[in-house]
2 protein chains.
Amino acid sequence: MQANITEILRKHQLSITEARKKILSLFWETGNAMAHGDIEQKSSADFDRVTIYRTLQTFVEKGIIHTIPTADNSVRYALCKDECAAGHHHDDHVHFICDDCGITYCIDEVSVPKVKLPKGFKAAQTDLVISGTCNKCDL
Amino acid sequence: MQANITEILRKHQLSITEARKKILSLFWETGNAMAHGDIEQKSSADFDRVTIYRTLQTFVEKGIIHTIPTADNSVRYALCKDECAAGHHHDDHVHFICDDCGITYCIDEVSVPKVKLPKGFKAAQTDLVISGTCNKCDL
DNA sequence: TACAACAATGCAACTTTGTTGCAAAATATT
DNA sequence: AATATTTTGCAACAAAGTTGCATTGTTGTA
């Protein structure tokens, strides 16, 4: 696994540093999407706040992670699929945010349906974000 | 139009104040969605920052406006349709954010398709946000 | 392995964004 | 018109995000 992480960094032509290895491994461990705040809490002792900001930024640029829009002013980040290349992302799956526990899931089983837009509108990215109750919080 | 605005406020059992009239009229004038920052720029001379925060909050609660999630940490607000009642919104239309000019459109013509979720997941709200180039910025 | 070139990090200072409590002002109710 | 209620502005604060620069760490090459 550790070897896997350095391999990902190398594949994207990034220097192998402690911060990047740690933050990237956090994504693998949790499995779900994380907001900046989550990452800061889980690694604030190890790294400076600024480093986390910059690391997330480069990860997004390189196509390692992608952003998930939310309605509460806290953008979340999640691992991209292999197909994601630098510049243009291909994360056309649904994201689910639980109102109870706050966990953000990538629902890989469902893909985002194509939408016909009015004339002149050209879609670059489509985000389908559903909020509600997840299967753990469902009573 | 001015009469129209006070009528909306009254319909939702809100006191008629300068701040609320002004902010609500801004939404009608621009026609598109606005982020908090936009509103602050267009009325900062008239009102305190805090008032804008609180006004937007009450408008959302009363179902006059709804939030549009974005991937850049700046939630946008747009007018609701008449059907929107306090508590639960019915804005099942698509939102389009132009990467060029930044304008956020409500694409009323297209409605959000229903999505089947895995077992145990219950959807409360569904947001379909598309980013790309709008018909004004399209060369 | 050691060295130079380059990139990433930490620190500090700062800007922006959002929140809370309370007194003053505006609005609504009678 | 007078009182009760709501809303606003102010101040102070907390949180989130940014920038420049010196220091440290990483990479590629001899």
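These figures come from a predicted structure and were not determined experimentally.
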Touch check for A:Asp46, heavy atoms < 4.0 angstrom, all strands: base, sugar-phosphate only, or nothing? sugar-phosphate
Can you build the contact string for nucleotides 18-30 of chain C? Use B for base contact, S for sugar-phosphate-only contact, and - for no protein heavy atom under 4.0 Å. BBBB-----SS--
In degrees, rounded to 10°, what is the bend between the two ends of the helix from C:dT1-D:dA30 to C:dT30-D:dA1, using five pairs at each? 40°
Could you tell me whether the side chain of B:Thr58 and the main chain of B:Arg54 form a donor-acceptor pair under 3.5 Å? yes
Nucleotide D:dT7, atom P - distance to CD of B:Glu61 in whole Å: 11 Å
Tell me, which pairs form a salt bridge (Lys or Arg N to Asp or Glu O under 4.0 Å) where one or both residues lie in residues 99-123 of chain B, sequence neighbours left out? A:Asp138-B:Lys122, B:Lys81-B:Asp108
Atom pair distance, as rounded to whole Å: CD1 in A:Ile23 and C1' in C:dT9: 11 Å
Partner residues of A:Thr30 under the side-chain contact (heavy atoms from CB on, under 4.5 Å) criterion, sequence neighbours left out: A:Met34, A:Lys42
Could you tell me if the ring centre of A:His66 sits under 6.0 Å from that of A:Tyr77? no
Can you check the B:Gln13 CD to D:dT5 P distance for me, whole Å? 17 Å
Grab the two heavy atoms, one from B:Ala78 and one from B:Ala33, that are nearest each other, plus how far apart they are. CB-CB, 3.9 Å
Salt-bridge contact A:Lys21-A:Glu18 (side-chain N to carboxylate O under 4.0 Å): yes
Distance-only side-chain donor-acceptor flag, A:Arg20 / A:Thr55, under 3.5 Å: no
Starting at NZ of B:Lys62 and ending at P of D:dT7, how long is that distance when rounded to a whole Å? 9 Å
Looking at residues at least two apart in the chain, or sitting in another chain, which of them share a side-chain contact (heavy atoms from CB on, under 4.5 Å) with A:Glu29? A:Ser25, A:Leu26
To the nearest angstrom, the CG-P distance between B:Asp38 and C:dT16 comes to 15 Å
Distance in angstrom units between B:Asp72 CG and D:dG17 C1', rounded: 13 Å
Separation of D:dT18 atom C1' from A:Ile52 atom CD1, nearest Å, is 15 Å
Ring pair (Phe, Tyr, Trp, His ring centres under 6.0 Å) filter on A:Phe121, not counting sequence neighbours, yields B:Phe96, B:Tyr105
Specify the separation, in whole Å, of atom NZ of B:Lys21 and atom P of D:dT7. 15 Å
